[in-house]
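Below is one structure; the comments refer to it alone.
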2 protein chains.
Amino acid sequence: MPGTSGPVRPDAAADLAGERVRQRRKAIGLSQQALATAVGVSRQTIITMEQGNYAPSVYLALRVAGALESEVEALWG
Amino acid sequence: MPGTSGPVRPDAAADLAGERVRQRRKAIGLSQQALATAVGVSRQTIITMEQGNYAPSVYLALRVAGALESEVEALWG
DNA sequence: CTTCACTGTCAAGACCTCTTTACGTCGAAG
DNA sequence: CTTCGACGTAAAGAGGTCTTGACAGTGAAG
């Protein structure tokens, strides 16, 4: 019983994905709302995602990576 | 209200990811149980994943991609 | 025929993703 | 000082992920 239940979360190390997403978003010049709209989710979702300690679905991750002109492995790997 | 709620799922087209995972797993020569153990989840999770219509967390996707010597974008993109 | 590995189905339960609404702060204008 | 955009927090609710355990079908091997 790894996590006992619930979505698979980040391994040991920290959850740096959120910070990477935030930096990439700012680099692209998008507001949280703009990114949210671009990937089709609520602003809350983006906020939570950047806050870390959050495991989005692969599909959301793929969309975000796309909107940020990056790759899933680069942001969450 | 895109999906109204719940994890972001695949867009329009079919959910071919499951089939890709299955083919890659067999190509590598792993049983569902072996893959499950390798990525640290239950066999049920692998079964459901190959069945399609399922949106794993990015982290699980990354582990599966790793175990199958592939990439997230290649399997779920 | 019995055994065993592999695959699949069903189901209850714990924890989580994502939504919507509402409210609070801060800095940059006007 | 008021307004507005961008960010943050809180909280309730629908629906999903992942777990465990039990049970069943298939094909290969003894």
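Proteins get letters first, then strands, A, B, ... in listed order; numbering begins at 1 in each. Given the structure is predicted, the values throughout are model-derived calculations rather than measurements.
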| Given C:dA14, is OP1 or OP2 found less than 4.0 Å from the side-chain N or O atoms of A:S5? |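 A:S5 to C:dA14 OP1/OP2: no side-chain N or O under 4.0 Å.
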
| Any B:T45 side-chain nitrogen or oxygen under 4.0 Å from OP1 or OP2 of D:dT19 |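 Yes.
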
| Side chains of B:S42 and B:T45: is there a donor and an acceptor less than 3.5 Å apart? |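 Note: B:S42 and B:T45 side chains meet the donor-acceptor criterion.
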
| Checking all strands, does B:S57 fall into the base, sugar-phosphate, or nothing category for heavy-atom contacts under 4.0 angstrom? |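 Sugar-phosphate only.
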
| query | Side chains of B:Q44 and B:Q32: does their closest heavy-atom pair fall under 4.5 Å? | reply |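 Result no, sub-4.5 Å side-chain heavy-atom pair not found.
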
| query | Under 4.5 Å between any side-chain heavy atoms of A:Q23 and A:E50, yes or no? | reply |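 Of all side-chain heavy-atom pairs linking A:E50 with A:Q23, none is under 4.5 Å.
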
| message | If hydrophobic clusters are built by linking Ile, Leu, Val, Met, Phe, Trp and Tyr wherever their side-chain heavy atoms come under 4.5 Å apart, do B:L16 and B:I47 end up in the same one? | response |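 They do not share one cluster, since no chain of ILVMFWY contacts under 4.5 Å joins B:L16 to B:I47.
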
| request: Report yes or no: do B:L30 and B:V41 belong to one cluster of Ile/Leu/Val/Met/Phe/Trp/Tyr joined by side chain heavy-atom distances under 4.5 Å? | output: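 In one cluster with B:L30: B:V41, yes.
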
| If you round to the nearest 0.5 Å, how far is CZ of A:R25 from CD1 of A:I46? |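 Reported to 0.5 Å precision, the distance equals 8.5 Å.
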
| Close residues, residues 60-77 of chain A, relative to DNA chain D [heavy-atom separation under 4.0 Å] |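 Hits under 4.0 Å, by residue number: none.
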
Anything under 3.5 Å between a donor and an acceptor, one on a side chain of residues 69-77 of chain B, the other on a protein residue two or more places apart or in another chain? List them.
residue: B:E73; atom: OE2; partner: A:V72; partner atom: N; Å: 3.0

| Can you give one letter per nucleotide of nucleotides 3-12 of chain D, 5' to 3': B if a protein heavy atom sits under 4.0 Å from the base, S if only from the sugar-phosphate, - if neither? | ----BBBB--

| query | Could you give the CZ-to-P distance, from B:R9 to D:dA14, as a whole number of Å? | reply |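 Taking atom P of D:dA14 as the reference, CZ of B:R9 is at 18 Å.
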
| task | In whole angstrom, give the distance that lies between atom CD1 of A:I46 and atom C1' of C:dT17. | result |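 These atoms are roughly 13 Å apart.
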
| For the side chain of B:R63 and the backbone of B:V39, is there at least one donor-acceptor N/O pair under 3.5 Å apart? |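 Answer holds: yes.
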
